[in-house]
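To start, the structure under review is shown below, and the notes come after it.
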Amino acid sequence: SQTIHQWPATLVQPVGSPLSLECTVEGTSNPNLYWYRQAAGRGLQLLFYSVGIGQISSEVPQNLSASRPQDRQFILSSKKLLLSDSGFYLCAWSAYGTQYFGPGTRLLVL
Amino acid sequence: DQQVKQNSPSLSVQEGRISILNCDYTNSMFDYFLWYKKYPAEGPTFLISISSIKDKNEDGRFTVFLNKSAKHLSLHIVPSQPGDSAVYFCAASLTNYGGSQGNLIFGKGTKLSVKP
């Protein structure tokens, strides 16, 4: 069966510091991968998606970036965090139109 | 412009009764619809989906209804249980839309509270 992992589970970072969140998927090959953010009291905002290694599409311009160095690894990064980057970050993979989410990373930027 | 709307931010229901969660969409090209359940500090869990070629899909206590002419779908939970208390997101997609194939457009969610 397929599983999706995210780490860390919680992160507190100062403004201006770098960020790296990792997502890995097991049990499937060549999945579509997604990064979402849920800000406090708001819905799910798609940040990036990837249909293959090295292929990244950005949905929302911002100071975040994503990379897919391996088939089942998706990384969300920032060089300098802003206060507005605080939120709950979710990674997902998809099969036949249905997306399956990881446990999420709660990021607090102070 | 929101393409998927959940106009009720919250809903409170008595245990054992029916919960009806509603969702409207604007893009008539959407052909696949999903409902997710989310507990605080956890990732959304897929509940049930429906293709645009159907008008109803049932899975245990959960039934999703699709009214294409009204661009409306609903999730019925019968009977409601306290463990159903969570935020429910509806989502829609264009399964064959170019490079963003499979991308989901989410509503903002409805918080369901089921009271014992």
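Chain identifiers are assigned alphabetically (A, B, ...) following the order of the sequence lines, protein sequences preceding nucleic acid strands; residue numbering begins at 1 within each chain. Below, each value reflects all heavy atoms present in this structure, side chains not excepted, and no hydrogens, waters or symmetry copies.
- Residues of residues 42-57 of chain B lying under 4.5 angstrom from chain A, judged on non-hydrogen atoms, are E42(B), G43(B), P44(B), F46(B) by number.
- Atom CG of L44(A) is separated from atom CG of L104(B) by 9.5 Å, given to the nearest 0.5 angstrom.
- Within the 4.5 angstrom heavy-atom criterion, no atom of K111(B) approaches chain A.
- Note: the hydrophobic cluster containing W7(A) does not contain Y89(A) (ILVMFWY, side chain heavy atoms under 4.5 Å, direct or indirect links).
- Between Q38(A) and F106(B) the shortest side-chain heavy-atom distance does not fall below 4.5 Å.
- F62(B) and L21(B) fall within the same hydrophobic cluster, where Ile, Leu, Val, Met, Phe, Trp and Tyr residues are linked whenever their side-chain heavy atoms come under 4.5 Å apart, directly or through other members.
- Remark: I105(B) CD1 to L46(A) CG distance equals 7.5 Å, nearest 0.5 Å.
- With hydrophobic clusters built from ILVMFWY side chains whose heavy atoms lie under 4.5 angstrom apart, I4(A) does not share a cluster with I75(A).
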Under 3.5 Å, which donor-acceptor pairs link side chains of residues 103-110 of chain A to any protein atom two or more places apart or in another chain?
residue : atom : partner : partner atom : Å
T105(A) : OG1  : P8(A)   : O            : 2.5

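- Heavy-atom distances place no part of A91(B) under 4.5 Å from chain A, backbone and side chain included.
- F65(B) and F89(B) are not part of a single hydrophobic cluster, where members link through side-chain heavy atoms under 4.5 Å apart.
- Two different hydrophobic clusters hold I53(A) and V25(A) under the rule that ILVMFWY side chains link at heavy-atom gaps under 4.5 Å.
- Closest approach of Y36(B) to Q99(A), counting heavy atoms only: OH-O, 2.6 Å.
- Under a cut-off of 6.0 angstrom, the local environment of CZ in R17(B) is sparse, with at most 12 non-hydrogen atoms contributed by other residues, nucleotides or ligands.
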